[in-house]
Asks: 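Have a look at this one.
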Amino acid sequence: MKKTLVVALATLFPALALAQEVTLRMVSAFPENQYYVKRTVEWIEKVNKEGKGTLQINFIGGPKAIPTFEVGKAVQTGVVDIGFSTGAFYTNVMPEADILKLSETSAAEQRKNGGYELINKIWAEKANMRYLAKVVEFTPFHLYLNKKIDKPDLTGLKIRITPVYREFFQAMGASVMTTAPGEVYTALERGVIDGYGWPIHALFDLNWQEKTKFRVDPGFYNAEVSLVMNLDKYKSLPAKAREYLDRQALAYEQQNDFWKSYNQNEAKRQAEAGIQTISFDAATSKAYVEKAKEIGWASAIKASPQYGEQLKKVLAR
Ligand code: 173
């Protein structure tokens with residue numbers, strides 16, 4: 001049907017306009033009590049309010065609906081339409097997913113330097129996904145510990161990881177255990193782990209400050225959290241709905257400067273909660289960050305001989 005005819009008919013019969021409205025199902029790989037999710041639910045409310053007759057998002061829930069490490073597969077296969085996740089949680093779909101933690105250029109820069117297109121080319125080809133927007137960045141990861149160290153040596157320590165931290169922590173001698181965020185509190189409580197990798201923020205969302213003694217500075221890498229969508233579903237959207245979704249996702253991404261002040265405040269809150277910082281001398285700190293980066297890119301290129309180098313051109317400085 002011609003667009004003008006649809007518009008004319010929709011004006012005469014509002015029910016026809018509603019018939020064009022698309023509802024997308026979304027899940028979160030992060031627990032629902034995380035601030036990330038609350039912020040995203042607020043975004044959904046705005047999308048739904050302004051998107052009447054065009055597009056609605058139905059938030060199904062967090063890891064109780066679909067486990068953290070299964071969300072990527074669920075998006076890839078179309079079990080759900082949109083996933084709110086991070087690359088480290090879907091390396092079972094493709095190893096490239098975890099490479100975005102190595103971003104030194106911002107999402108805004110990647111929209112201009114070809115990075116966004118490259119990411120979407122890879123995500124389409126290898127994961128049947130559309131990368132809608134990055135909504136957390138400017139956020140380093142840290143090592144948190146319950147045992148004191150005086151140099152970057154984790155020999156004899158058991159550390160909770162995701163793929164983000166694996167190679168780096170192992171290179172420092174740690175023995176590692178992968179868990180979803182939802183399992184960290186219990187692991188700390190039972191003393192199953194001596195520490196964990198996690199961003200500078202969001203400890204408090206999950207009450208980990210109750211069970212955490214030290215944060216190791218400096219941080220390393222750059223947390224990436226994003227909205228990814230099943231590619232077939234994305235392509236099947238009416239143009240109006242697709243443009244609307246792109247626009248709303250971009251608007252969400254454009255709020256990322258928010259994290260800069262939020263993170264400063266989170267570091268302050270940690271100190272107030274009694275979490276002590278462990279820092280090394282200047283040379284050791286520099287070597288620590290450089291080693292993280294070196295190991296990160298070496299494993300990225302090994303995991304993806306096809307795209308590792310290409311991603312490095314747009315992500316690294
Ligand atoms: O530690 C994690 O669970 C993890 O990999 C991650 C990634 C991005 C944001 C928050 C956590």
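Predicted model, so just to flag it, every value in this text is computed and none were measured. First listed ligand is number 1; within each ligand, the first listed atom is number 1.
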Asks: Which is it for V136 and ligand 1 at heavy atoms under 4.0 Å: side chain, backbone, both or neither?
Replies: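 The answer is neither.
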Asks: Which residue and non-hydrogen atom of the protein lie closest to atom 11 (C) of ligand 1, and at what distance in Å?
Replies: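 I find the closest protein heavy atom is W198 CZ3, 3.6 Å.
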Asks: Within the structure, does R160 bring an N/O atom to less than 3.5 angstrom of an N/O atom in ligand 1?
Replies: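 Yes.
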Asks: Which is closest to atom 1 (O) of ligand 1 in terms of heavy atoms, Y196, Y165, F141?
Replies: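 It is Y165 that holds the nearest heavy atom.
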Asks: Applying ring pair (Phe, Tyr, Trp, His ring centres under 6.0 Å) between F168 and each of F220, W297, F141, report the one that passes.
Replies: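 Of the listed residues F220, W297, F141, the ring pair (Phe, Tyr, Trp, His ring centres under 6.0 Å) partner of F168 is F220.
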Asks: Could you tell me whether some N/O pair between T86 and ligand 1 is separated by less than 3.5 angstrom?
Replies: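 In fact, backbone or side chain, T86 has no N or O that close.
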Asks: Determine the interplanar angle of the H201 and W259 rings, folded into 0 to 90°, and report it as parallel if under 30°, tilted if 30 to 60°, perpendicular if over 60°.
Replies: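 H201 vs W259 ring planes: tilted.
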Asks: Looking at atom 10 (C) of ligand 1, what's its closest protein heavy atom, distance included?
Replies: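 Looking at atom 10 (C) of ligand 1, the protein heavy atom closest to it is P199 CG, 3.4 Å.
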Asks: Tell me yes or no: between the side chains of E125 and Y307, is some donor less than 3.5 Å from an acceptor?
Replies: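 Their side chains do contain a donor-acceptor pair, which is all the 3.5 Å distance test asks for.
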Asks: Between W43 and Y252, does the ring centre distance come in under 6.0 Å?
Replies: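 Centroid separation for W43 and Y252: below 6.0 Å.
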Asks: Which residue and atom name correspond to the protein heavy atom nearest atom 5 (O) of ligand 1, and how close is it?
Replies: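 Here the closest protein heavy atom is T162 OG1, 2.8 Å.
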Asks: Could you check whether W208 and Y144 have their ring centres less than 6.0 Å apart?
Replies: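 Centroid distance Y144-W208: not below 6.0 Å, so no.
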